[in-house]
Structure formats: structure tokens, C-alpha cells
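For ligands, and for the atoms within them, numbers begin at 1 and follow the listed sequence. Start at 1 with the first residue, then count along the sequence.
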Amino acid sequence: MAIDATPRLEGGAPHYRICPLCEASCGLEIRTDTGPQGPRVVSIRGAEQDPFSQGYLCPKGVALKDLHEDPDRLRQPMRRQPDGRFTPISWAEAFEEIDRRLPPLRRAFGADAVGLSIGNPASHKIGLFSYFPGLARALGSRNMFSASTLDQMPKQLSCGWMYGHWMSVPVPDLPRSDLLIILGANPAVSNGSLWTVPDFRGKAKAMRARGGRIIVIDPRRTETAQAADEHHAIRPGGDVFLLLGMLHTLFAEDRVRPGRLADHINGLDELRALATGFAPERCATHAGLPATTIRQLARDLAAAPRAALYGRVGTCTQRFGTINSWLIDVLNILTGHLDSPGGLMFPKAAAFAANTLGRGGQGKGVTVGRRHSRVSRAPEIMGELPMSCLAEEIETPGDGQIHALITVACNPVLSAPNGARLTRALEGLDFMISLDPYINETTRHAHLILPPPSPLEDWHYDQVFAQLSWRNHARWSGPVMPIGEGPEAPQAEWQTLLRLTAIVNGLGPRADLQALDDLALQAELQRSAGDRAEQLFPMIDGGAGPARWLDLALRSGPYGDGFGARPEGLTLAKVRAAPQGIDLGELTSRVPEILRTPSGRIELAPPALLEDMQAVTAALHRPLDNELLLIGRRDTRSNNSWMHNLPVLAKGKERCTLLIHPEDAARASLEAGQMARLSNARGSVLAQVEFSDAMRPGVVSLPHGWGHDLAGTRLQVAALQPGVNMNLLLDEDDRDPVSGTSVLTGVPVRLSGAENVPTANH
Ligand SMILES: Nc1nc2c(c(=O)[nH]1)N[C@H]1C(S)=C(S)[C@@H](COP(=O)(O)OP(=O)(O)OC[C@H]3O[C@@H](n4cnc5c(=O)[nH]c(N)nc54)[C@H](O)[C@@H]3O)O[C@H]1N2
Ligand SMILES: Nc1nc2c(c(=O)[nH]1)N[C@H]1C(S)=C(S)[C@@H](COP(=O)(O)OP(=O)(O)OC[C@H]3O[C@@H](n4cnc5c(=O)[nH]c(N)nc54)[C@H](O)[C@@H]3O)O[C@H]1N2
Ligand code: SF4
Ligand SMILES: [Mo]
């Protein structure tokens, strides 16, 4: 597949770049030439020879050209003036100001006074992902927040408990599967999540062509469901009851066959005991699916020789998100499909994967709740507090209150619940710094914005997504454009983070970053290689920044050259010499080697989840209200909150519409195209009605990440079609208490014609 940014113009030798825009991580082939203003992008295509993405790309990949050229994208640090307008300043001035303001706040109010928050694009940027932890350590603040608690934290937590590490997340082995059951995910549009699978559609088609089956369980007949064999319109939030009904069926019908894993699991008896109370007939109403369907799904999963049950965002962002994430893996294990070809399997990444390090088969496991948030007492998980606690931690006076905030690649004013409250809270900060390319709904509150280079000016290696990939591989991509020089030129983000770290450590705004990085690398070598550290240090390739850490990780990783011990193994140089990527083969069985639990076994019955089951039982006893429930959706030409400013994606019809089943519309006397008001105790928004018989009756859908009509942003294209922010209707106190993850789906709302009510949003 090829989509030209500017058809017909062909530049010189192609550059290969991993697309940093979504988890699919497609390999792109980018051609440039030199125009009057310097180098420019001439075409962007899928890289045909890439062993991992095999030529696939989506329209967002092409939009990298628009991102690179976007006049609203910041090229220089920006400082907010008293009148709210931003003016450019030099990097030196920016860091001097930070050095004047940040350390005194820490001295006056303590370490917790500086909050940190990190968002989704950080996992796509090796510079951010590998240098952010250093800043977090230097700050030593309990007030650390991330987009994980708006997304995948339940899965990471359940996997942490079951397998011993947060990043041991199994993914469907689609090429060898006979049956894929998809719960609460729409990979035909999202291109996969916690499952790096470029061209899901193509792979799904190929799987069905060889006789495989796909079943989708989703309140909306999604794009994925439309290309599947079966669709079941579950009630939002009904997943836990479906999964428990399936578990019950497996035990009741004697279909539990863990196969090879039988020797590696703990807790089967506890599962059998808890399943007894959840016969499909008891679960059906709350699941919103007939008992026969629940039972049949369990039988199908058990009967298929090679099958996988996969769940994603829709199953995580619910009250029982962690229980759902856990039960999904449990069902795969009990039917013999975990760690087995065609089932859910664990990738083995070439670098940075904790589950490939140290002695395999046993470990320390994961710990949660070492600290709690000050106001809501939410437990820390992976070192983080729930994003939905950020506003209250800023607003509530007392010891440990947040006075300063550093945001890194996040836009919680749009992406988190109750952005209106967060807006007020951000206005009250003494000091705010944002690492971000845009003046958007969140960063408009910053005193200083420090922009990244464009992705085309930066090199990349997938630290995160290689750990979640449909096939093992290693790929490096070099910069497509020169980054520029001089005091005003863009700074690599690892340098920005290391500079901030140095300031926090009291080293001032002009510390020698290379020397600091040398020290950190030497300390790491000392830790991992002991006596050999001194000998190895000069062998490390890469020059500066994350490249050296990557060389170390590759060489000491599972395919590495072991610094000479396995000369045929991987090094940074080898990976760089193959910019289209190195194929490391299909997924392989990894239990028990992958396990890092103290028992050395898979823990099927984590105590905290057994405890939370009481709340499930209570929910099953509560009668259901007949409320209208709001869910979200994603669109191919959109990406969370931040790509609506790119003309190639923004063009076309309004995308922030309210999908509603015609029956529900008739009940509320709404007509297609009309503006409708959605409201609840939290807020109220106006959206354009679009009829869709793909919706389950009683459920309406609005996408998230919109609402670009707030004052003080600089997003000229996005402001033309601002859409509305559905998260204004969410309750920040409504979370899965186990993982701290916000409830983003199945939110009760009322619906009325817009003329009955005042017209201003929120
Ligand atoms: N209702 C509802 N809400 C949701 C969701 C949902 O399904 N429904 N989904 C949730 C999910 S899954 C997620 S991941 C979150 C996302 O939540 P966020 O991470 O807060 O949101 P994004 O829209 O991805 O914002 C990314 C920010 O990073 C900036 N950025 C882009 N590229 C770079 C870069 O190279 N460097 C730096 N420093 N910054 C950059 C952008 O300008 C933007 O400000 O939203 C969540 N919110
Ligand atoms: N084009 C595009 N691609 C993206 C993104 C984007 O914004 N746009 N965002 C990226 C990010 S950050 C992420 S995390 C991934 C997410 O990737 P996916 O998890 O595939 O994302 P969604 O499309 O939100 O799929 C969630 C599905 O859950 C359904 N759902 C809602 N509530 C429930 C429920 O209670 N039960 C069940 N069973 N289903 C429910 C929704 O209808 C929806 O179809 O996508 C990534 N890719
Ligand atoms: S699917 Fe699109 S946005 Fe995602 S990595 Fe591929 S080209 Fe980029
Ligand atoms: Mo996400």
C-alpha cells in the first residue's frame, strides 16, 4: 500500500522511519529533496521490505509531512507573558528561568510539591521514554501521573501479578490462529493496542481466508466487527459478567485443559470456587448477552485448537478493568491457549525487556501501594498515581500539595475526566513546564513550553512496542532531516530531560550533559557487569544519549553479541546497518523462562483480585437502571487529542458526532444532523446527531480528544472543527480502585434536543 504525500515528485535515496504515531509502528519509506527553504518531504510510503510492517501504512503516517511542516508546531521554547500570550525565547533563557524557579519551590514545599505527568507519545519516543525515569527519580515526588491510568494500567497490573512483570503482556499470535475473540477493541481502526500489529485488517483477512474465525464483542458493530464472522453487542461494563459466565462454563462442563501450563500454575482451586456463583443464566442480564451466547463463546474458545481471546481499551476503562484483564488471561490459560502457537504469546524483544533479563523462571514479582495519594488515598502502581487525582492534588491545600507541574507529552485537559476542573487547577499553579510541540488545551497553562524536534529530525528505536509485537524484530530509524544548529535549534528531548534532571539535582542550567550521561552509564555497567564495567565502557557505541543505552541493551539482550561472547549477535551497529529492520522470527513459547513471580509460577488467583470479586458479586445483585450509556470510539484519521491540526487528516466530514441508534433517537425526538445535548451531574455538551444501527440500543457514542474551542491555544486548523470534549461528562472519582484507572466508558447520560436547553458548552 502506498499513499503519496506529494505524488509524482520523487526525491533521492529513501529514508526509513518507524512511524511514531500509533502502536502499529509501521516502517515508512520517506523521500526528501532540497527545496528553496531547505530539505522537504516529497513522499511517504509504507516500506515494502520491512519484515515487520511489510509495506503497510495508514493516512496518519502520511500526515508526518503535515506535522513536520505545521506552522503551529513549536520550534523554540515559549514563555507565557502576563497577558497569556506566548513569545519565543532561547533554550538558555528557558533553563535559566527553570533554575531560578523550580529548586526554590522544592526547597520551600518539599519534593512532593512538584508533580509530573507523562502522556501517550512518550512511549513512541526513545529519548523521552529512556530519560524520563531519571527526572522522576531526581524529583522524588509521590505526585507522578501518566496516561496509563486512562488506558492500559489494568492489564499491566494483572500481568504483573500473574507473570511477575508489568511488561509481560501476551499478544495474539494471529498468523497461526484459528479463532480470535476480540473484546472491547477495534484494531481495524486503532491498528492494535498492547498488540503491535500493523495492517490488522490484512492479517485478519488472510486468517479468515485460510478458514480462521473472528468474533467481536462490542456495544457497537465496529469496523472490526463488520469484517468479522460474528458480533455480539455487549452491554457497556458487562464484560466481567460475560467472562465469569465463560469461566463457569469451563468448569461446569469439564472443559478446563491448561495443557503444558498445568505444571506452571497456582490457584486453580480458587478459580473453581469463585466460578460457581456465575452460571451464564445469572450473568446474562448484566452482560447484556443471552446465556446461550456466553456458553457458546466458552465452548468455542475451549474447542478451537489454536485460539486467542484478546481484550483492550474497552475492557480496561471500566470499574472492573483489572478483573477483566485478569479473567481474559485466565480463560486463555484454562483452555490451553496461553503461550501456545496461535494463542496469546509473549514476544521476546531484542532490547530493554525486563522479562529477558537476569535469571529466568523466578523473580521478585511486582509491588503496589508503596505510597498513596494524599487526598483520595489511591495506591501507587508502577510508581504512578491515577491521572484523575491530579486536579485534587493541585487544589487541596496542605503538606504535599502540588505547586509546580511538569507535563511531558500529555494533554489531560482533553484526555482525562473532568477537564474543566483540571483547567481551573492548572490556572492555580505557581509554575508549570510542558514538554510539548503545541500550545494546546493543557500547555496553554504552562509558564514555559519546551518543544521536541519533529519526529523526522529525530532517530528512533522502539523500546516499548517491540515488547508487544506480533513478530519479533529489531529496527532502528535514523533522522530524515537535519535537526539544525545554534542556540535556537531544536533540542533532542533526552537533552531537555537530562538538563531538567541536572537542575533538579542542583547542578544548575549549564551542566555538562555528556559527562552526566557518562556517569550514569558507568553506574549502570557497574551494576550489570561488575568487574567488567571498566573494560566494557569504551566498547559502547552510539556517541551520546539513548543510542549508547540502546547499544548496551541490544548487546546484553537475548539476541545480543554479549560484547564478543556471541560475535554473530546483535549490536547497535548491526541494527543501524539494516534500517528496514531485522526479522527475529515468529513468537515462541516462553513459560516458565518468562516468569518473574516469587513462586516461579503463573499466579491465577492474585489476592487483591479475589478481594475485589466481592464488589462484582454486589454489582450482580444490583438491578440495572435503564439509563442511556455513553461510550467512545476512535477514527482512522484522528489520534487521541493531538492530531486534529494536520490538514491532511482534518479535512472531510465532521467526525466528532454522536452516534445513536434510530430507536433511541426516535424516543428522544431527535433527527439526524440535529444538535443534541448530552448531560449528567458532571456537565453537559452539545453534539451533532448521527443515526447508526451499528449501536446497541441504549448506548450512544462520542469520540474522545475533541473540544478544541478553548481560549489561548494555537491550533488554527483544529479550531475550525473543534468538536466537543466528551470527558466533561466523566466523573474523576469514578475509577477501578484496584488499578486507579478511570471509568471512560458506559457513562450514564441524558439526551435532549439542543433547543430545549442553553447552548453554551460546559
Ligand atoms: N473518553 C476517553 N478518554 C480517553 C480515551 C478513551 O478511549 N476515551 N483514551 C485514553 C487513552 S488510551 C490515552 S493513551 C490517553 C492519551 O492521553 P494523553 O497522552 O494525555 O493525550 P494525547 O492526545 O495522546 O496527547 C499527547 C500530547 O503529546 C504531545 N506530543 C505529541 N508528540 C510529541 C513529542 O514528540 N514530544 C512531546 N514532548 N510531546 C508530544 C501532543 O501535542 C499532546 O499534547 O487518552 C485517554 N482518554
Ligand atoms: N486511529 C486511531 N488509532 C489509535 C488511537 C486513536 O485515537 N486513533 N489511539 C491509540 C491509543 S492511545 C490506544 S490505547 C489504542 C486503543 O486501541 P483499541 O483498544 O482497539 O481502541 P478503541 O477503538 O477505543 O476500542 C475500544 C472498543 O471498546 C468498545 N467498548 C466500549 N465500552 C465497552 C465495554 O464496556 N465492553 C466492551 N467489550 N467493549 C466496549 C468500543 O466500542 C470500542 O470499539 O488505539 C491507538 N490507535
Ligand atoms: S497505522 Fe498509521 S499511524 Fe499507526 S504506525 Fe502505521 S502509519 Fe503510523
Ligand atoms: Mo492509549
Between Asp151 and Arg312, does at least one N-O distance fall below 4.0 Å, as a salt bridge requires? yes
Ligand 2 atoms nearer than 4.0 angstrom to some heavy atom of Thr222 are 44 (O)
Need the ligand 1 atom indices (1-based, order shown) with element for anything under 4.0 Å from a heavy-atom of Tyr438. 42 (O)
Nearest-contact summary for atom 17 (O) of ligand 1 - protein heavy atom, Å: Ser415 OG, 3.1 Å
Distance filter under 4.0 Å to Asp151 heavy atoms, resulting ligand 1 atoms: 12 (S), 14 (S)
Is the distance from atom 2 (Fe) of ligand 3 to the nearest N/O/S atom of Cys58 under 2.8 Å? yes
Just heavy atoms, cut-off under 4.0 Å: does Pro59 contact ligand 3 by side chain, backbone, both, or neither? neither
Which bit of Glu493 gets closer than 4.0 Å to ligand 1, counting heavy atoms only: side chain, backbone, both or neither? side chain
Best match, Pro452, Gly314, Pro437, Pro121: closest heavy atom to atom 39 (N) of ligand 1: Pro437
For atom 4 (Fe) of ligand 3, what is the nearest protein heavy atom, given as residue, atom name and distance? Cys22 SG, 2.3 Å
Enumerate the atoms of ligand 1 whose separation from the nearest heavy atom of Gly119 is less than 4.0 angstrom. 19 (O)
Enumerated ligand 1 atoms positioned under 4.0 Å from heavy atoms of Asn440: 42 (O), 43 (C), 44 (O)
Heavy-atom distance to atom 12 (S) of ligand 2: which of Leu243, Val699, Asn120 wins? Asn120
With atom 16 (C) of ligand 2 as the reference point, say which of Leu659, Asn639, Val313 has the nearest heavy atom. Val313
Heavy-atom pairs closer than 4.0 Å: do any link ligand 1 to the side chain of Thr317, the backbone, both, or neither? neither
Atom indices of ligand 1 within 4.0 angstrom of Ser641 heavy atoms, with elements: 22 (P), 23 (O), 25 (O)
Pick one of side chain, backbone, both or neither for how Leu414 approaches ligand 1, counting any non-hydrogen atom pair under 4.0 Å. neither
Tell me which part of Gln152 gets within contact of ligand 1: side chain, backbone, both or neither, using heavy atoms under 4.0 Å. neither
Nearest neighbour in protein (non-hydrogen) for atom 1 (S) of ligand 3: Asn191 ND2, 3.3 Å
